[in-house]
Each structure stands twice: as structure tokens, then as C-alpha cells.
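Contents: one structure, followed by commentary.
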Amino acid sequence: MPKDQNDLPDSSGAREWKPVLGLSDDPIDPSKLPHRGPAVFDQPEPDPLIELTVIVPARNEEDCLGDCLRSLVAQSEDIFQLGRDWELVVVDDHSTDRTAEIARSFPGVTVIRADKLQPGWTGKAHAVWSAARKARGRWLLFTDADTIHEPGDLRRGIHEADRHNAGMLSYSPRQMVTGFAQRTLMPLVFSELSLAYPPAEVSDPNQRVAAANGQYLLVEREAYRRMGGHAAVRDRVLEDVELALIAKKRRVGLRFRYAADAVSTRMYRTTSAMIEGWSKNLVLLFDNALMLAFWRALDFVLLFLLPVLAVELWSARFSARGLEWLSPGWVLALLWLRTLVRFYTRVAKSNFPFVDCALSPLGLPLFVILLYRSWLQHRIFKQVTWKGRTYKQ
């Protein structure tokens, strides 16, 4: 039977949860935590450690949590048994829907309720920390409730991290999109991310660029300890990227890659959620959001206005005699072709299907609007909203 935080684990060999990362089980007082530095963990480790703790924070996720848990529970097998070799923990972050009920319907899943949100914390960081400080795994996997995991991806992730001496392994999932707004906007965002955070540079310890995706974040226990855990990024909206920066500074080993072979996700269920989510994140992901908005607006003008102007200015057809091909119409046509090739070369890096990439120019106006909206929220209004909570910036 599934368990909640007051129940003992089943008879498969799991033991009662106890804090093992050096914090008491009392509510967290942020004022007593070190600022941005790693916490001092001095409490004895559980004996023995199991291989993995999977932590799924969930706040009003009734529409997707079931698919996520089915894909995770299905990875239990004789040589990697849930409850014996690994544990699966859902943190109910004060949901008002059926999230907790759905989680408890899965045998072997432990359900805990997040502590009351403390000042100075974001909801997600606080929720995962509620579980991380009790985790018994040698590895900790933080994964979102809207992910679907491919068979065997848990064990393969651990082996990949070991093989590459990575204390932190993060996958960028295959993105599942529906509707016109998502299909045109998401390739644009992810193509820019691929350019701003090239996986090869992120994974290179000699490069300063750092990134991670909180939808799949696998961290070795000692590396998590050295980084200070989520307490070190407790007030950060982009806690995954901030953890990656700390991982680079602490030299625990960081590996990041696109992983359609391991995990997929549908980030947003509605257009309004997508607008709210990217408004929260874009200005934090890109150094100069206003300049990026300007260049993407220029792309839109060039892609859609140049062909019209070329036709209007076409004064002569190509001729073997004379220099008619140098007419303004031909010049504009060549400029449009150059813009088109550069645009699609960039968008192809998004790892989205061909049709979505082909439609993406139609998403440029929304992308520009969201970049400006994100800048206004962070720089002018200095607050963002996500899942019913408002965070001061």
C-alpha cells in the first residue's frame, strides 16, 4: 500500500524515514541557514544506503501525475526493486485537487506533505528539500510531475553519471506540445536555449557556462551535500540553473544533454500556463532579454515584409543581358533568402519536429511579447507569479 509521512515503509526492507542530511525534522528556519553556502551536514548516514531516491514535487498536478508515476513504478524489477533498492517519494505541495489521492493509489510510493512554506523560499525548492533531507539514496533524482520516463532510464542515468564522473547529471527532455501557440513558440525558446547553453560547454569543467533542467536532475549524495542542497538556492526562481552554477564552482562534475531517449514532458497544459511560465523564466535564462526581443522582432519583419517589398519593387526579370538582376527586387529577395536560411538553421537546434520548426516564424510575435513581459515583471514590478504564489524579485 502507498504510504504517507506518518506511516512506516512496507516489509520490503525499507526503514522509517529519518533526517539524514544534517537537519532536524522541525520546520526550517531560513535565518539559521548559511547564505548561499553549503550546509554543514554532520548527522550520521542511514545504514545501509539504498541506490536511489526519486523525488517528485507536485502541486495541483492531478492531470499528469498518474502518467509520471506509472512510468516510474514500472521501472521496478528483480534487480532494481522499488522499496528495496530505490524509493519513490511524492511531495504534495499543499495541493487543492486530487494530487495526493492519485499518488497514494500507487503501491510502493511514499507520499509526504511539504512543510508550511517558509519566508525566503520558493515553493518547489522548499518541497523537494522537505524530501531530500530525509532521503536514503546514494543518488537523488529530482523530477517533475509532468515527465514520462522511458523504461530503464533510472538505472541508465546512474550508469551514465558514473561513467562520466558526474556528480550532477541533468537531461533536457523531449518536449511534447499541443495547440498552435505551443507548436510555434516552444521551438523558438528551445533553439535560443541551445545556443545560450551548449550542452558540450555546460559539460566541460573548464567552461564557465552552466545549466540544468529541473525536470530531470540526478545528483550524487555527497555532491548534493557539498553544494548545500536546495537550501543554497532556496529563493531562486530558476533553482536548477543555480544548482548547476554551484556544481561548477564546487567542481563536483556536471553533465547535461538532450535526452529524448530517457524522458519526455509536456511542460504546459494550457496557453495561459505557458505564458505565465515563460514570463517567470525568460529574463533569467537570457542575459539581455530586451536585445534578444529586438533581434527576434527584426526577424519577423524581415521574414514577412521582405517578400512583399521584393514583389512590389520587381522592375525587371532576370536577363542574360544587362544588370537587371541587381534591381532592388532581386537584392531584397536574396536578403530574404539569407534571413530564411539563418533563421531555420538556428531553429533546427531546438530538437523539435520538422513541422513545428516550419511553423515557428508565426510564433515570433508571442516570443517578443513574452521577453518584454518577463523583463517588466523582473526589472520593473519585481515580482513573478507561479502556481498561485507570488515571489518578490
Side-chain angles (χ1 to χ4, degrees), residues 172 175 177-198 201 209 211 213 237-238 241 258 267-268 270-314 327-386 393:
S172 178
Q175 298 292 325
V177 294
T178 58
F180 178 79
Q182 289 190 26
R183 295 184 68 184
T184 57
L185 175 70
M186 297 289 273
L188 297 173
V189 176
F190 278 88
S191 64
E192 298 295 342
L193 289 173
S194 70
L195 294 171
Y197 305 98
E201 292 186 22
V209 61
N213 191 318
V237 172
L238 281 181
V241 177
Y258 175 66
M267 286 181 65
Y268 304 113
T270 65
T271 299
S272 61
M274 180 181 70
I275 290 173
E276 184 179 62
W278 286 126
S279 297
K280 169 176 68 77
N281 292 338
L282 285 178
V283 79
L284 301 176
L285 289 167
F286 303 116
D287 288 337
N288 196 331
L290 292 183
M291 186 59 67
L292 179 59
F294 169 79
W295 288 116
R296 297 296 80 86
L298 182 60
D299 277 344
F300 182 78
V301 171
L302 294 176
L303 287 171
F304 289 95
L305 185 60
L306 283 180
V308 176
L309 292 177
V311 172
E312 292 293 330
L313 296 173
W314 223 297
S327 67
W330 280 108
V331 172
L332 291 180
L334 291 173
L335 180 58
W336 175 78
L337 182 61
R338 177 177 179 271
T339 302
L340 193 69
V341 170
R342 292 184 65 184
F343 177 83
Y344 280 118
T345 299
R346 184 174 66 246
V347 174
K349 299 180 183 295
S350 67
N351 294 305
F352 274 72
F354 172 81
V355 173
D356 294 344
C357 290
L359 292 172
S360 62
L362 301 174
L364 283 168
L366 179 57
F367 188 31
V368 171
I369 290 171
L370 290 180
L371 284 165
Y372 278 110
R373 190 172 190 264
S374 182
W375 183 85
L376 285 170
Q377 288 187 2
H378 283 269
R379 303 294 184 248
I380 304 301
F381 301 115
K382 297 189 180 300
Q383 66 178 31
V384 295
T385 300
W386 181 240
Q393 296 299 294

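Excluded from the calculations below are hydrogen atoms, water molecules and symmetry mates; all remaining heavy atoms, backbone and side chain alike, are included.
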Query raised in the report: Are Met186 and Trp278 close enough that some pair of their side-chain heavy atoms sits under 4.5 Å apart?
Result: yes
Report task. Measure the OG-CG distance between Ser374 and Leu292 for me, rounded to the nearest 0.5 Å. Result -> 11.0 Å
Requested in this report: Kindly write out the residues that satisfy side chain to side chain donor-acceptor pair (under 3.5 Å) with Thr178, not counting sequence neighbours, or none if the list is empty.
Outcome: Arg266
Requested in this report: Take Leu370 and Leu185 through the test side-chain contact (heavy atoms from CB on, under 4.5 Å) and record every step on the way to the result.
Outcome: CA-CA 10 Å; Leu370 290 180; Leu185 175 70; 3.5 Å; yes
**Report entry** With Phe352 via ring-ring contact (aromatic ring centres under 6.0 Å, His included) - residues at least two apart
**Finding:** Phe190
Query raised in the report: Can you list the residues that meet the side chain to side chain donor-acceptor pair (under 3.5 Å) rule with Thr339, with sequence neighbours excluded?
Result: none
Report task. Kindly indicate whether the side chain of Tyr344, heavy atoms from C-beta on, has any atom under 4.5 Å from the side chain of Pro361. Result -> yes
Report task. State which residues pass ring-ring contact (aromatic ring centres under 6.0 Å, His included) with Phe300; sequence neighbours excluded, sorted by chain then number. Result -> Phe304
Report task. With sequence neighbours left out, write down each residue that passes side chain to side chain donor-acceptor pair (under 3.5 Å) with Thr345, or none if nothing qualifies. Result -> none
Requested in this report: Measure the spacing between CZ of Phe180 and CG of Leu362 and express it to the nearest 0.5 Å.
Outcome: 4.5 Å
Requested in this report: List for me each residue that meets side-chain contact (heavy atoms from CB on, under 4.5 Å) alongside Ala289, sequence neighbours excluded, and say none if there are none.
Outcome: Val283, Leu371
Query - Contacts of Ala196 that satisfy side-chain contact (heavy atoms from CB on, under 4.5 Å) - sequence neighbours left out - result: Phe286
**Report entry** Results of side chain to side chain donor-acceptor pair (under 3.5 Å) for Glu201 - residues two or more places apart only
**Finding:** none
Query raised in the report: Which side chain to side chain donor-acceptor pair (under 3.5 Å) pairs, counting each pair once, include a residue from residues 291-305, with sequence neighbours left out?
Result: Glu192-Arg296, Arg296-Asp299, Asp299-Arg346
Query raised in the report: If every non-hydrogen atom of Leu282 is compared with every non-hydrogen atom of Val189, which pair is closest and at what distance?
Result: CD2-CG1, 4.2 Å
Query raised in the report: How long is the span from the OG1 atom in Thr270 to the CD atom in Glu276, to the nearest 0.5 Å?
Result: 8.5 Å
Requested in this report: Report yes or no: does Gln182 contribute a side-chain atom to a donor-acceptor pair with the main-chain N or O of Tyr268 at less than 3.5 Å?
Outcome: yes
Requested in this report: Identify the heavy atoms of Val368 and Ala297 that sit nearest to each other, and give their distance.
Outcome: CG2-N, 3.6 Å
Query raised in the report: Phe354 versus Leu359: any side-chain heavy-atom pair under 4.5 Å?
Result: no
Report task. Could you tell me whether the side chain of Tyr197 and the main chain of Leu285 form a donor-acceptor pair under 3.5 Å? Result -> yes
Query raised in the report: Ile369 versus Ile275: any side-chain heavy-atom pair under 4.5 Å?
Result: no
Report summary line: So side chain to side chain donor-acceptor pair (under 3.5 Å) across residues 279-289, not counting sequence neighbours, yields Ser279-Arg373
Query raised in the report: Gln175 versus Met267: any side-chain heavy-atom pair under 4.5 Å?
Result: yes
Query - Working for side-chain contact (heavy atoms from CB on, under 4.5 Å), residues Met274 and Leu366 - result: CA-CA 11 Å; Met274 180 181 70; Leu366 179 57; 4.1 Å; yes
Query raised in the report: Are the side chains of Ser350 and Ser194 in touch, meaning some heavy atoms are under 4.5 Å apart?
Result: no
Report summary line: To the nearest 0.5 Å, atom CG of Leu284 lies from atom CG of Leu238 at 4.5 Å
Report task. Please collect all side chain to side chain donor-acceptor pair (under 3.5 Å) contacts where either partner lies in residues 351-365, sequence neighbours excluded, each pair once. Result -> Arg183-Asp356
**Report entry** Residue pairs fulfilling ring pair (Phe, Tyr, Trp, His ring centres under 6.0 Å) with at least one residue in residues 357-384, sequence neighbours excluded
**Finding:** none
Report task. Decide yes or no for Leu305 and Trp336: does some side-chain heavy atom of the first lie under 4.5 Å from some side-chain heavy atom of the second? Result -> no
